[in-house]
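Structure first, commentary second.
Treat the numbers as computed from the prediction; the structure is a model and nothing was measured.
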Amino acid sequence: MNKKPQEIMAKALEELKNIKGSVDLNDLKVKYLGKKGEFTSLLKMMKDIPQEERPAFGQAVNEARKKFEDELNDILEQFAKKDREKKLYEDEIDITLPARKIKYGHKHPNTIALEETEDIFIGMGYEVMDGPEIEYDYYNFEALNIPDGHPAKDEQDTFYITKNLLLRTQTSGTQIHAMEERPLPIKMIAPGRVFRADEVDATHSPCFHQIEGLVVDKNITFADLKGTLAEFARRMFGEETKVKFRPHHFPFTEPSAEMDVTCFKCKGAGCSMCKHEGWIEILGCGMVHPHVLEMSNIDPNEYTGFAFGVGLERIALLKYEIDDLRLLYENDVRFLEQF
Amino acid sequence: MNTPISWIKAFVPDLDCDIKEFCDAMTLSGTKVEGYRSLDRNLENIVVGRINKIEKHPDAERLVVCSVDVGQEEMVQIVTGAPNVRENDLVPVVLAGGKVAGGHDGSPNPENGIVIKKGRLRGVESFGMMCSVEELGSSRDFYPDAPEDGVFVFSDAYDVRPGDDAIEKMGLRDDVVEFEVTSNRVDCYSIIGIAREAAATFKKDFVLPAVSVEENGGNAADLISVEIKDKELCSRYTARVVENIRLAPSPLWMQRRLSACGVRPINNIVDITNYVMLEYGHPLHAFDLDRIASGKIVVRRAEDGEKFVTLDGQEHVLDNDTLMICDGEKEIAMAGVMGGENTMITDSVKRMLLESACFNGTNIRQTGRRLGMHTEAMGKFEKGLDPELTMEAVNRACQLVELLDAGDVVSGTVDVYPEPKKESEIRFDQEKANKLLGTDVSEDEITDIFKRLELVWDKGTGIVRIPTFRQDLLANADLAEEVARFFGYDKIPTTLPVMADTEGGLSAELRFQKMGREAALAYGFNESMTFSFESPKVFDKLCIPEDSILRHAVPIANPLGEDFSLMRTQSLNGILTSLSNNFNYRNKEARLFEMAKVYLPKSLPLTEYADERVMFTLGAYGDDIDFFFMKGAAEDFLSRCGIEDIKYERPDDKPYLHPLKSANIIACGKEIGFVGAFHPDVLDAYEIERTAYTAVLDMSLAIGMSDFSIKYKGLAKFPAVLRDISILMDKHTPVGDVEEIIKKKGGKILEGFELFDIYQGKQIKEGLKSVAYNLTFRAKGRTLSDNEVNEVMDAIIESLSNKGMELRK
């Protein structure tokens, strides 16, 4: 009698070996382990066995059943694994098919360049201000040391509204507003639109953008101006960027300078972008003219300051290698979506 | 300012650096070099040759075979088609393997020149080429002695021998540097000014020409008189007289210098005035003295409406702001602008009056603008010249007249100089200058710099005397710049400002605009930028009525044409033009936005700042774009700004929008923008052949309503009760009416509602629509009972029913 479990197990294992698929396996499971299965039937035979043999028989049945069950589960697992693998295989996709388009808009190249600039100066503690675009002659010229009849006034091709009001030709007027309205010390930049009577072509536009900068405090030096703008250039155009300051003339700064940076395309070796100079002119700057401070009621004997002005389009064109200024105002999505 | 190095060296004899070094150093000391041009560029292996023998070409009628002596043992055989070759002529010859700058037809010169190789012309060997001035990169303008067609022939004046360097003999071994001179450095619009800077830059001696006139007797004051009637506009008038004028070509050295500066040699008298203008930066004018009535010069303003013919034959109508040079009877020149036809120098001239005057720069500039004229002389005068220079300049011209034997200079000068200019003085504070620069430049160094610049520093009093030609030096800061320029901007240290901490960041308005930008990007809109000014035609294109306030735009007094003549009062033209561009480029979809100002005048003509309002303008067309997409964009942005109280009203004041597919956006009871499809007429006007949509928000208003305070509301813990209702209503009644009722009657337990279906069609009576909502009820602290919800639902249904909206069964 005690041999019976072993026999059933042997038979069951034998059948298990021949199983081909998970359906057969389930049938086998029912056949041996189901309610009417062979192992269950064996246990039902318990009552026909003498009392003293029952424990040993029960143990034998359970052991045999356990062994079969383990083997069966193993195989079951193998089948499941195979099925999963098969499923994975069926799920195959062509990963080179096009991605689904995410419609997130693109910033205007001017804005990208502007925000980069803003971030750099905000990091150095500069406030970012706005100013009126239709401006008084006083703020655009006179308070900047450009009185009537000054050649610089005629050179700028100003759009006039009336004798006193005009479209600002430069953001420099925001310097005056800042000095008039803000407590000292001042540390600000002011980006915005400016206007000059230039016909539209690949390098000119009657409407463009500048970023003005102004720092006024006691003991501000030309060396501070150099340091600040060199830092700006490094962060804007790359860590290895070198700067060169050349003397220049602006009526509202003295001394004045223009700043060149090493060409960010050829790193100074000379290429078509920098006209083989290795350097690119980026901005004008200088120490705020004492007369300008005075006109804004700041004592030039106590305070000094520096100012600078950057052409935003110029930076955007150079940095993103855009070859025609007109593209910036045409708003072709094929252009904008490249930024 | 084009300046030949050879001419600079005439004043700075010790200058000895290569051209690149020269340009870099000048730029760094403040005289910016724009570029330079080597006159001998691409000219290689070109010598003087004597044509020894000319023979006919055996096979070509138009060619000849020359045997040319180029100073070597053997003759060189050259085949040429040049029509002007003669035996014994001395000509420039490029030998095989050498290079010339261009072709003889005067077409643009190739970048790397043209290499001349040994070749065969119709079977006869040729070992070089005889050159025309065009092939040497020049033109007959600058070599008046060159033949109209054919090779250049050296006249005796060149004094050349076979084998000589032809390029050197022709004066082409020179570099011409183009300087960008800033408007404050009037003195640098001259060779002498540039040379003075060069001497200071390279620490070399600066040698001014020694000007002296031998004179030939007589007395100028007996022949001419000068009266200045307006000393504001003419600070000095200096004149000399030259008799027995002998017109002739000027000598080669003068022709070469003028040519290098781009000035055509004409004759000795014209060339001398041009030469002095280039050298000193001071224009001179030569009048035919025999045509000046009673030898009298009167400087006065013109009468309004007076007419005058300048020497180019043009007639000008003058006004009282135009300064004129007159004689005893008539006007003879527009001061500082151009001489008159009536007194110009002609071939028959015998005596001339040489004018060297100083006119008011601003007046000259404005006269030029008014009359639309620009001449070389004006270009100088309008900068505001140094009156001290008139005497030196006229004497230099007379010296050259004598040197060139162009006439006899009458003794004496007539010089009217009502208020002689004095040298200015500046109190120089060395410590303050160093402090401004952030440097520690020593006293010795400053002394040296000032000396090189001819600034005389009295250290006892601290006074620096400024020569009259340096009109730009007015204060301590100007002197600090002079120190910085020659100390070297590159040697000034690099530091960061040491100051109290400041708080960086965008202003509230700019931050708000940035938020708008970021939101638009997230909705898939690309950022556009358009001009602030536009055409008055825009109003018609946008169907804006004649009496609309939008037509009250700020006009530009001097626009770049009508298309750019009004400051915009609305932002739609920009976005529509951009959409139109995209449509035109066949882009399937365009979503654009612009964050920019409109300019609303408080009154016209403008007397104070305009109201500059920032408009957030969205515009789009495409398959995924409809009214509700645009509405969603506007609504989402406003909601992010904490503006939740929003209503939509059908506008009656937006003629540019589709009347039934548009809405004014009312936030907190105030119109802050609108959304809708463009009116088909507007789309037609912009040639957009499909529906395009817009949404515009006034950011200046929105910022005032915004609320960025954030407070967490607890998540619901108790279950919600969901109910659906379906309503039949008139198809023209907005669903907004239904929502009003749901909100009102839903009370506290109404958590939210959502429209999930709108249907019109077969299963519904004509003229009606079916609208289905999904309502969510929830109480904060408990589970709602069905009864509670039923009560509310009944109230809603009743209320709807009262308005003629029935439950769909």
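B:Glu608 and A:Tyr136 form no side-chain donor-acceptor contact under 3.5 Å, judged by distance and modelled atom types alone.
By the 4.5 Å heavy-atom criterion applied to side chains, B:Glu518 and A:Lys107 are counted as neighbours.
With B:Tyr585 as the aromatic partner, A:Arg334 meets the cation-pi criteria of under 6.0 angstrom to the ring centre and within 45 degrees of the ring axis.
The CD1 atom of B:Ile556 sits 12.5 Å away from the CG atom of A:Leu165 when rounded to the nearest 0.5 Å. Once rounded to the nearest 0.5 Å, the distance linking OG1 of B:Thr502 with CZ of A:Arg182 reads 11.5 Å. Between A:His248 atom NE2 and B:Thr27 atom OG1 the span is 12.0 Å, to the nearest 0.5 Å. Between A:Phe222 atom CZ and B:Thr495 atom OG1 the span is 11.0 Å, to the nearest 0.5 Å.
With a 4.5 Å cut-off on non-hydrogen atoms, A:Thr304 touches chain B through its side chain but not through its backbone. Proximity to chain B involves both the backbone and the side chain of A:Glu133, based on heavy atoms less than 4.5 angstrom apart. Heavy atoms of A:Glu254 lying under 4.5 Å from chain B belong to its backbone as well as its side chain. For A:Met129, the part sitting under 4.5 Å from any heavy atom of chain B is the backbone (N, CA, C, O) and nothing else. With a 4.5 angstrom heavy-atom cutoff, A:Tyr160 touches chain B via backbone and side-chain atoms both. Heavy-atom distances place the side chain of A:Asp157, and not its backbone, under 4.5 Å from chain B. Heavy atoms of A:Phe339 lying under 4.5 Å from chain B are absent altogether. With a 4.5 angstrom heavy-atom cutoff, B:Ser29 touches chain A only via backbone atoms. Heavy atoms closer than 4.5 Å to chain B are found in the side chain of A:Leu167, but not in its backbone. Contact of A:Val243 with chain B is not made at all, since no heavy-atom distance falls under 4.5 Å. Within the 4.5 angstrom heavy-atom criterion, only side-chain atoms of A:Glu258, from C-beta onward, approach chain B. Residue contact with chain B, scored on non-hydrogen atoms closer than 4.5 Å, involves the side chain of A:Pro290 exclusively.
The main-chain N or O of A:Val333 is never found under 3.5 Å from a side-chain atom of B:Asn526 such that the two would form a donor-acceptor pair. Proximity of a side-chain donor or acceptor of B:Ser528 to a complementary backbone N or O of A:Asn331 within less than 3.5 Å is not detected. At distances below 3.5 Å, at least one donor-acceptor pair connects side-chain atoms of B:Glu481 with backbone N or O atoms of A:Ser256. At least one donor-acceptor pair closer than 3.5 Å links the side chain of A:Lys226 to the backbone N or O of B:Tyr489. In terms of modelled atom types and a separation under 3.5 Å, the side chain of B:Glu612 and the main chain of A:Ile134 share a donor-acceptor contact.
The aromatic rings of A:Phe159 and B:Phe533 stand perpendicular to each other, their planes meeting at an angle above 60°, with 30° marking the opposite boundary.
Other residues, nucleotides and ligands contribute only 12 or fewer heavy atoms inside 6.0 Å of the CD atom of B:Glu232.
Options B:Leu560, B:Asn581, B:Thr362, B:Thr494 differ in how many heavy-atom pairs under 4.5 Å they form with chain A, and the most are formed by B:Leu560.
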Chi angles and distances behind the salt bridge (charged side-chain N to carboxylate O under 4.0 Å, His left out) call for A:Asp130, B:Lys597:
CA-CA 12 Å; A:Asp130 194 14; B:Lys597 288 176 174 176; 3.6 Å; yes
